Amino acid sequence: MISERTLKNIAIKDLKTFCTDYKVPGRDVKTQASSTVLKYGKYRDLFENELTKDKPVFDAEELDEFLFNYLYYVKHDVHYIYQFTSDLNVLQMDGEAIANHFYENHILQYNQSLIDWDEANRNIIDLCTIRSEFGDQGYVRTLNLLLKVGVVSHDELGMTNFFCGLKLNFETGILVIKCYSDQMKDYSKSRNAQSMNVVDIVLNSIQGSAFECLGITVNELNEENAQSVIYKLYAELSSEAEAFLDKEMGIGPEQQIHQFLQNLKVSKSNDDYDDYVEQIKAVVYQDISKKIGSARFKSGWVFKFRFREGDHSKASSSADKRQAVYSCKAFWQLKELIHGIEKLEDGGFHWNMNNIAGDEEFVDVRMESKNGTLIVYYYLVTKSKRKEKEEYVLQKISGHL
């Protein structure tokens, strides 16, 4: 049965919500305790008792689905993006074929229920379960692996299982290592400073003998590719926003700008004439953006960016409130410079998933290029429907690789 060390990864309010959704009898009384730590034991007992009933209000499969969604998707707020190749032709395998392949190679955790998972395994990397996603033709598209990397000590909760997620998308060749940032810090503190970090441990493991049957070779994006992806996402959203602001400005103000320059006796034949027009328009754009706010942008907006020019780092950011940077003077001052370099070290993006202004279904992420890796940070506000949001972000990234 699921342990307290595993349940401690899930917020008490979310355990309570699960029980409320399924109308578990006596849930409030049965989970009362004098401390948060003791409550986890109460919830574990509640789950065990419910599943022993002849007619439980939820079954083992429903509890397993809740646990996997939380431990694989909701919990992990930092994702490390790589590319990979595989010797295994997974894209030609249906559900039966992939199950047989794992069984023949003595990997028995395919579709393993987390309720029945034995956490007594003492391997450095403990494979808890493997889940598949299938394409329209019924062949495997993605493998999702949940790994237990170790145990960390939490100041309030005590010993807690430390899980990482590993996504292998065979259609795009993208590999994602997913972790919870706070636990990564606790894990690093508990280990010798000379030890490998958790990402390196997972990378070595997936390419090692334990997963030899997958034939995985991992490739870093390298710094230039990672920074190029961030820039392209920045340019995509910014160009849409600029077109919208231009439409909002209308024809009249642009005519007035030309008239203003003519009054200053600046000829259209002047090499810098177009630059002067764009600089004045930028001031108008800033004013419009301040007045309309962020909610009017259809696809979303950029809320943070950082780039390096030579030895100097320049940035503009509204990251605290994650509002559009288009009302910031620095955005317009640095815009052409960024387009010339076509690389960004850091970018923050708000995407409306249905391309509707003010969309309630949105995702906020920050991306960073670091040591040849593209790192994606998910904000807490994106907690709901995390699977769909992750797929959306990965689709955006893969489109620019």
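Model, not experiment: these values are computed from the prediction. Atom set for the values below is all heavy atoms of this structure, side chains included, hydrogens, waters and symmetry mates excluded.
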Exercise for the section: Evaluate the criterion side chain to side chain contact (heavy atoms under 4.5 Å, CB included) for residue pair F18 and V24; output intermediate values, then yes/no. Expected result: CA-CA 9 Å; F18 175 84; V24 178; 5.6 Å; no
Practice task
Check whether the ring centres of F163 and W117 lie less than 6.0 Å apart, and answer yes or no.
Solution key: yes
Practice task
Please tell me if the side chains of Q183 and N9 come closer than 4.5 Å, counting only heavy atoms from C-beta onward.
Solution key: yes
Exercise for the section: Can you see which heavy atom on V37 is nearest to which on E4, and at what distance? Expected result: O-OE1, 4.2 Å
Exercise for the section: Assess the side chains of E65 and N69: does a donor N or O sit below 3.5 Å from an acceptor N or O? Expected result: no
Exercise for the section: State, with a plain yes or no, whether a side-chain heavy atom of E133 is found less than 4.5 Å away from one of K387. Expected result: yes
For residues 205-229, tabulate all N or O donor-acceptor pairs below 3.5 Å that involve a side-chain atom, not counting sequence neighbours.
residue, atom, partner, partner atom, Å
Q207, OE1, V218, N, 3.0
Q207, NE2, L203, O, 3.1
N222, OD1, E224, N, 3.0
N222, OD1, N225, N, 2.8
E223, OE2, Q227, NE2, 3.4
N225, ND2, L221, O, 2.9

Handout entry: Pairwise side-chain contact, L7 with F47, heavy-atom cut-off 4.5 Å (strictly under)
Key = yes
Exercise for the section: Evaluate the side-chain proximity of Y276 to I257: yes if any heavy-atom separation is below 4.5 Å, no if none is. Expected result: no
Handout entry: Side-chain heavy atoms of L237 within contact of F297, under 4.5 Å
Key = no
Exercise for the section: Given ring pair (Phe, Tyr, Trp, His ring centres under 6.0 Å), test Y234 with F349 step by step and report yes or no. Expected result: CA-CA 8 Å; Y234 158 93; F349 308 105; 7.7 Å; no
Problem - salt_bridge(E390, K167) N-O dist < 4.0 Å - result: no
Handout entry: salt bridge (Lys or Arg N to Asp or Glu O under 4.0 Å) involving K16 - partner list, sequence neighbours excluded
Key = none
Practice task
Identify whether NZ of Lys or CZ of Arg in R296 sits under 6.0 Å from the centre of the six-membered ring of F244 and within 45° of that ring's axis.
Solution key: no
Problem - Aromatic centroids of H258 and Y273 separated by under 6.0 Å - result: yes
Problem - Cation-pi check, R366 onto Y377 ring (under 6.0 Å, within 45° of axis) - result: yes
Handout entry: Result of checking I130, N169, L166 against L143 for side chain to side chain contact (heavy atoms under 4.5 Å, CB included)
Key = I130
Handout entry: salt bridge (charged side-chain N to carboxylate O under 4.0 Å, His left out) partner of K281, chosen from D246, D274, D287
Key = D246
Problem - Lys NZ or Arg CZ of K75 over Y180 ring: under 6.0 Å, within 45° - result: yes
Problem - Sub-4.5 Å side-chain heavy-atom contact between M353 and K385 - result: no
Problem - Y72 six-ring centre to R131 NZ/CZ under 6.0 Å and within 45° of normal - result: no
Handout entry: Side chain proximity check, E240 to W301, heavy atoms < 4.5 angstrom
Key = no
Problem - Worked check of side chain to side chain contact (heavy atoms under 4.5 Å, CB included) between E391 and E388 - result: CA-CA 5 Å; E391 290 297 328; E388 292 81 0; 5.7 Å; no
Handout entry: Distance, nearest 0.5 Å, that separates CZ of F307 from OH of Y231
Key = 11.5 Å
Practice task
Would you check if there is a donor-acceptor pair between the side chains of N355 and K298 at a distance under 3.5 Å?
Solution key: no
Exercise for the section: Any chance you could measure T373, atom OG1, to K370, atom NZ, to the nearest 0.5 Å? Expected result: 10.0 Å
Practice task
Could you tell me whether F58 and F66 have their ring centroids closer than 6.0 angstrom?
Solution key: no
Fill in the blank from the handout: Rounded to the nearest 0.5 Å, the NZ atom of K30 sits from the CD atom of E50 at a distance of 7.0 Å
Handout entry: R306 and D346 ion-paired at < 4.0 Å
Key = yes
Exercise for the section: Measure from NZ or CZ of K389 to the centre of the six-membered ring of F362 and say whether it is under 6.0 Å with the direction within 45° of the ring axis. Expected result: yes
Handout entry: side chain to side chain contact (heavy atoms under 4.5 Å, CB included) assessment of I125 paired with V149
Key = CA-CA 5 Å; I125 290 286; V149 181; 4.1 Å; yes
Problem - Side-chain heavy atoms of Q112 within contact of L127, under 4.5 Å - result: no
Practice task
Measure the CG-OG distance between D186 and S181 for me, rounded to the nearest 0.5 Å.
Solution key: 10.0 Å
Practice task
Identify the residue among T142, D94, N111, I98 that makes a side chain to side chain contact (heavy atoms under 4.5 Å, CB included) with S132.
Solution key: I98
Exercise for the section: For the pair Y326 (side chain) and V302 (backbone), establish whether a donor and an acceptor sit closer than 3.5 Å, ignoring hydrogens and angles. Expected result: yes
Exercise for the section: Could you go through the side chain to side chain contact (heavy atoms under 4.5 Å, CB included) check for I174 and Y82 one step at a time? Expected result: CA-CA 6 Å; I174 288 181; Y82 299 88; over 6 Å; no
